[in-house]
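Reviewing the structure listed below.
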Amino acid sequence: DIEYEFRMKTKKGNYIWIKTSAKTVEWDSEGNPVRIIGNHQNITKQKENEQKLLKQNREFATLTKELIKAKEMSDESEERFRSVFVNSSEAIGVSKKGINVFFNPAYVKLFGYDNQEELIGKPILDQIAPAEREKILEYVKKRAAGIPVPNQYETIGLKKNGEEFPFEIRISEVMLDNEQHTLVIIQ
């Protein structure tokens, strides 16, 4: 059996791909082929499709490499951010609608807690001295309504053990998971 592919120039001058298949069907007494049958088949469309598929595979491989590189860069960027956040000596916290969401170790330590779990889901007013809560609550409400309020001010904090202490706070609004959050940095 013989099978091969080649290009052939047509009468019109363009090239097409041909697949030739042949098979010996009769031999003489010495084993030499006497009769061979075969055919030629135009496989130009198949070859064009194979070339398109090869091109798509190369493009896919390139895109995959680019995606992997972008993911690695994103992971590195996230790791750098996490390192800065976790190792910052300034207390950094994030809340949503006045409820603690997450914070760094300096924030937990500043308020005298042992771990983040003690603060997650608790109102931010729990970390504010009772005499200051009304003012802070007003800021939270106005900020949520889009009314301008100071983004840096001094107030009095409240530690887990009930001890009050003064601090300066800087506030920014940030979008996380398509939701408005409040970022605080406390000194």
Side-chain angles (χ1 to χ4, degrees), residues 48-187:
E48 288 171 354
N49 289 338
E50 286 175 3
Q51 290 303 312
K52 287 178 187 175
L53 186 59
L54 284 172
K55 182 180 177 189
Q56 289 173 344
N57 284 344
R58 283 191 300 269
E59 290 171 355
F60 180 75
T62 299
L63 286 173
T64 300
K65 288 177 186 175
E66 289 173 4
L67 284 172
I68 289 169
K69 184 177 179 180
K71 168 108 174 65
E72 288 170 352
M73 289 174 64
S74 173
D75 290 348
E76 289 171 10
S77 178
E78 183 178 333
E79 183 58 35
R80 283 192 299 268
F81 170 78
R82 183 177 290 120
S83 179
V84 168
F85 181 78
V86 169
N87 295 306
S88 175
S89 60
E90 293 186 353
I92 304 171
V94 176
S95 63
K96 182 173 106 178
K97 297 180 182 174
I99 303 298
N100 288 314
V101 178
F102 64 91
F103 12 77
N104 69 352
Y107 186 99
V108 174
K109 182 179 177 182
L110 178 68
F111 288 100
Y113 288 86
D114 298 319
N115 57 60
Q116 291 187 7
E117 288 72 26
E118 293 181 271
L119 288 166
I120 294 174
K122 302 282 196 275
I124 61 169
L125 292 178
D126 287 359
Q127 285 86 57
I128 303 297
E132 294 284 299
R133 287 181 182 165
E134 189 175 321
K135 175 180 84 173
I136 302 302
L137 183 58
E138 190 64 27
Y139 285 169
V140 170
K141 287 179 181 177
K142 285 182 177 181
R143 189 172 288 109
I147 300 170
V149 293
N151 62 2
Q152 184 172 344
Y153 53 88
E154 291 182 6
T155 190
I156 300 173
L158 182 66
K159 293 187 178 194
K160 178 181 173 182
N161 66 6
E163 178 186 337
E164 294 183 2
F165 65 99
F167 65 82
E168 183 178 313
I169 186 168
R170 292 189 316 265
I171 299 173
S172 302
E173 296 297 316
V174 294
M175 291 297 288
L176 298 172
D177 300 324
N178 295 319
E179 293 184 305
Q180 190 74 25
H181 287 70
T182 302
L183 170 72
V184 299
I185 299 176
I186 300 172
Q187 293 180 323

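Heavy atoms only: backbone and side chains are in, while hydrogens, waters and symmetry mates are out.
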query = Is any side-chain heavy atom of I136 less than 4.5 Å from a side-chain heavy atom of Y153?
reply = yes
inquiry  = Quick check against the 3.5 Å criterion: does S83 have a side-chain atom that pairs as donor or acceptor with the backbone of E79?
reply    = no
ask   = What closest approach, in Å, do A129 and L158 show between heavy atoms, and which atom pair accounts for it?
value = N-CB, 3.9 Å
inquiry  = Test your reading of the model: is there a side-chain donor-acceptor pair from N151 to the backbone of S172, 3.5 Å cut-off?
reply    = no
query = Quick one: does N115's side chain have a donor or acceptor within less than 3.5 Å of a partner on E118's backbone?
reply = yes
remark   = Looking only at heavy atoms, the pair that brings F167 and I156 closest together is CE2-C, 4.0 Å
key: Beyond-backbone contact of E76 with R80, side-chain heavy atoms, under 4.5 angstrom   = yes
key: side-chain contact (heavy atoms from CB on, under 4.5 Å) assessment of E173 paired with T182   = CA-CA 5 Å; E173 296 297 316; T182 302; 3.3 Å; yes
inquiry  = To the closest 0.5 Å, what do you measure between CD (Q127) and CG (L110)?
reply    = 9.5 Å
remark   = Residues I92 and I185: closest non-hydrogen pair is CG1-CG1, 4.3 Å
note = Rounding to 0.5 Å, atoms CD (Q180) and CZ (R143) come to a distance of 10.0 Å
message = Could you check whether E138 pairs with K141 (Lys NZ or Arg NE/NH1/NH2 to Asp/Glu carboxylate O, under 4.0 Å)?
response = no
ask   = Charged N to carboxylate O under 4.0 angstrom, E48 versus K52?
value = no
ask   = Do I169 and Y139 have side-chain heavy atoms sitting under 4.5 Å apart?
value = no
inquiry  = I need the L119 CG to K160 NZ distance, nearest 0.5 Å.
reply    = 9.0 Å
inquiry  = Testing the basics here: between F165 and K159, what is the closest heavy-atom pair and its distance to 0.1 Å?
reply    = CE2-CG, 3.5 Å
message = Any heavy-atom pair between the side chains of V94 and F103 that's under 4.5 Å?
response = no
key: CE/M175: more than 12 non-hydrogen atoms of other groups inside 6.0 Å   = yes
query = For R133 and I128, which heavy atoms make the closest approach, and how far apart are they?
reply = NE-O, 2.8 Å
query = Under the salt bridge (charged side-chain N to carboxylate O under 4.0 Å, His left out) criterion, do E66 and K69 qualify, and how do the steps go?
reply = CA-CA 5 Å; E66 289 173 4; K69 184 177 179 180; over 6 Å; no
query = Could you go step by step and tell me if D126 and F111 meet the side-chain contact (heavy atoms from CB on, under 4.5 Å) rule?
reply = CA-CA 10 Å; D126 287 359; F111 288 100; over 6 Å; no
request  = Kindly compute the distance separating OG (S95) from CD1 (I124), expressed to the nearest 0.5 Å.
outcome  = 4.5 Å
task = Verify the neighbour count for atom NZ of K135: are there more than 12 heavy atoms of other residues, nucleotides or ligands below 6.0 Å?
result = yes
ask   = Hey, what do you get for CD (E72) to CG (L67), rounding to the nearest 0.5 Å?
value = 11.0 Å
request  = Please confirm whether the backbone N or O of A70 pairs with a side-chain atom of S74, one donor and one acceptor, at under 3.5 Å?
outcome  = no
ask   = What's the spacing between R170 CZ and E90 CD if we round to 0.5 Å?
value = 5.0 Å
task = Heavy atoms only: give me the nearest A106-S88 pair and the separation to one decimal.
result = CB-O, 3.6 Å
